[in-house]
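We're numbering straight along the sequence, starting at 1.
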Amino acid sequence: MIKKHNFSAGPCILPQEVFEKSAAAILDFNGMGLSILEISHRSKEFVAVMDEARAIVKRLMNLGDDYEVLYLGGGASLQFAMVPYNLMKVGGKAAYLDTGTWAAGAIKEAKKVGSVDVVGTSKEENYSFIPKDYKVGAEYDYFHCTSNNTIYGTQMKTFPDVETIMVCDMSSDIFSRQLDFSKFDLIYAGAQKNMGPAGVTLVVVKKEILGKTDRENMFSILDYNQHISKESMYNTPPVFPVYASLLTLQYLEKNGGIAAAEARNEAKAKLLYDEIDSNPLFETFCVKEDRSLMNVSFKLLDESKKEEFDAAWKAAGISGLNGHRSLGGYRASLYNALPIESVQVLVDVMKSLK
């Protein structure tokens with residue numbers, strides 16, 4: 001079977017080495033005579049996996065012991081609720097930046113916990129740009145932003161200086177570019193873009209920001225401090241997704257880390273955006289200055305050629321190119337594991353369309 005060129009927005013392509021090691025572990029994990037799917041999460045073998053999975057995140061992000069790393073269930077969508085539940089004081093309020101569908105989802109859930117001010121939004125312009133002219137003062141318990149928007153193809157290139165706690169949903173560009181991660185007090189990300197399979201969510205949190213909401217009788221399962229005290233094993237963790245995420249991060253670390261991944265991602269994005277900009281048949285949905293390195297959302301300007309284009313990219317072995325159902329068009333997701341050769345195949349198909 002010939003491997004497809006996988007442009008899926010998530011779950012997405014992972015390194016071939018990760019697939020192979022994961023497959024071997026399903027049959028026999030570390031010579032135990034047991035599958036990774038059936039071992040106890042309390043076994044010393046899996047405790048070692050969890051410990052290294054947490055440690056490697058801090059190495060890659062260059063963070064110290066003032067941060068804790070958690071692997072939780074529930075997807076990034078659960079973090080829409082856990083963030084305000086743990087950070088918004090009783091009677092307090094939070095500031096949110098509305099840059100897309102997932103940011104809007106986070107805002108909706110936070111409003112169920114307390115007061116929310118949307119300090120910037122591009123909703124009326126169909127989320128075609130990242131708002132920049134806003135300020136966030138100390139009157140807010142925290143500020144929440146979404147670094148990359150998978151549907152509309154926009155990405156925050158810089159982050160504001162705020163006078164409160166900074167929270168960022170990095171689900172779709174985590175580990176794809178160099179950042180000063182210490183600028184953020186809490187980072188969360190669903191694994192299924194750049195760091196593993198669906199089923200686990202990464203949370204990186206500065207310990208000193210927790211326990212200050214005056215909220216009594218918190219649900220333990222929603223309390224970050226409970227998860228920290230149990231070393232990310234308050235309840236049975238998603239064992240296999242954690243293991244596959246560790247393999248992906250180990251692959252990233254030994255192949256130049258985030259800096260090398262960023263260089264590869266920039267080259268891939270340039271190749272595709274250059275073709276879109278030079279080809280009169282294609283156009284992106286967003287402004288150039290906010291274009292995402294991870295998700296290139298674009299449209300075909302001549303609908304009469306849609307059938308021909310769709311047949312051509314499918315014949316070339318390309319998968320996952322259809323745009324999100326809410327936007328239409330096409331979306332090429334250029335996550336870390338996607339080789340530039342796959343992008344070249346797509347570019348060649350686009351060039352062939354007359």
Side-chain angles (χ1 to χ4, degrees), residues 1-30 35-37 46 49-50 52-57 59-61 69 71-73 75-76 147-148 150 170-177 187-202 204 237-269 272 292-296 317-322 331-346:
M1 184 178 68
I2 298 174
K3 176 71 174 174
K4 297 280 189 178
H5 303 284
N6 186 4
F7 288 90
S8 174
C12 69
I13 187 172
L14 295 173
Q16 186 65 27
E17 177 181 306
V18 172
F19 293 139
E20 292 169 357
K21 289 184 176 180
S22 296
I26 288 175
L27 297 176
D28 183 3
F29 179 59
N30 283 3
S35 169
I36 184 72
L37 302 179
F46 183 71
V49 167
M50 179 63 85
E52 177 58 16
R54 295 168 69 207
I56 196 171
V57 168
R59 289 202 303 272
L60 288 166
M61 290 184 170
V69 175
Y71 285 87
L72 305 178
S147 58
N148 186 74
T150 57
M170 294 189 184
S171 290
S172 52
D173 64 353
I174 191 79
F175 299 117
S176 70
R177 56 175 171 162
I187 296 166
Y188 65 90
Q192 65 271 17
K193 311 295 185 181
N194 271 319
M195 61 170 286
V200 69
T201 303
L202 175 70
V204 182
V239 171
F240 180 72
V242 170
Y243 176 66
S245 295
L246 170 59
L247 293 178
T248 306
L249 296 180
Q250 288 174 333
Y251 181 89
L252 173 64
E253 188 174 48
K254 76 178 183 180
N255 284 278
I258 296 175
E262 181 179 38
R264 293 189 293 267
N265 291 332
E266 287 177 344
K268 290 183 291 186
L272 183 51
S292 170
L293 294 180
M294 291 287 95
N295 307 101
V296 181
I318 291 172
S319 175
L321 196 63
N322 287 321
R331 174 173 53 178
S333 295
L334 313 180
Y335 298 127
N336 285 356
L338 184 79
I340 196 168
E341 290 79 9
S342 291
V343 182
Q344 187 62 60
V345 169
L346 173 57

Thr150 versus Asn295, side-chain donor and acceptor atoms under 3.5 Å: no
Closest heavy-atom pair, Pro241 versus Ala198, reported as atoms and distance to 0.1 Å, is CG-O, 3.9 Å
**Asked** With a 4.5 Å heavy-atom cut-off, do Arg331 and Phe7 have their side chains touching?
**Response** no
Between the OG atom in Ser22 and the CZ atom in Phe240, the distance rounded to the nearest 0.5 Å is 4.5 Å
Q. Is there side-chain contact between Glu253 and Leu249, with at least one heavy-atom pair below 4.5 Å?
A. no
Checklist entry - If we only count heavy atoms from C-beta on, is the Pro237 to Tyr71 side-chain gap below 4.5 Å? => result no
Note to self: Run the side chain to side chain donor-acceptor pair (under 3.5 Å) test on Asn6 and Ser319 for me, step by step, so that the C-alpha distance in whole Å, both residues' side-chain angles and the decisive distance to 0.1 Å come before the verdict.
What the structure shows: CA-CA 5 Å; Asn6 186 4; Ser319 175; 4.6 Å; no
Here the gap from Gln192 atom CD to Cys12 atom SG, rounded to the nearest 0.5 Å, amounts to 8.0 Å
NZ (Lys3) and CZ (Phe19) are apart, to the nearest 0.5 Å, by 4.5 Å
Residues at least two apart in sequence or cross-chain that pass side-chain contact (heavy atoms from CB on, under 4.5 Å) with Ala269, listed by chain then number, are Tyr273, Leu293, Leu334
In this structure, CD1 of Ile258 is separated from CZ of Arg59 (nearest 0.5 Å) by 12.0 Å
Does this structure show an ion pair linking Glu17 with Lys254, if we count only N-O contacts that are shorter than 4.0 Å? yes
- Message: Is the shortest side-chain heavy-atom distance between Phe46 and Phe29 below 4.5 Å?
- Response: no
The reported gap from NZ in Lys21 to CG in Leu246 (rounded to nearest 0.5 angstrom) is 9.5 Å
Separation between CG (Leu272) and CD (Gln344), nearest 0.5 Å, reads 10.5 Å
Any non-hydrogen side-chain atom of Tyr335 less than 4.5 Å from a side-chain atom of Ser172? yes
- Is there a side-chain contact between Val200 and Ser245 (heavy atoms, below 4.5 Å)? yes
Would you sort out whether Ile174 and Ile187 count as a side-chain contact (heavy atoms from CB on, under 4.5 Å), showing the intermediate values? CA-CA 9 Å; Ile174 191 79; Ile187 296 166; 4.1 Å; yes
Open item on the list: Quick one, Met170 and Phe175 - any side-chain contact, counting heavy atoms below 4.5 Å?
Closed with: no
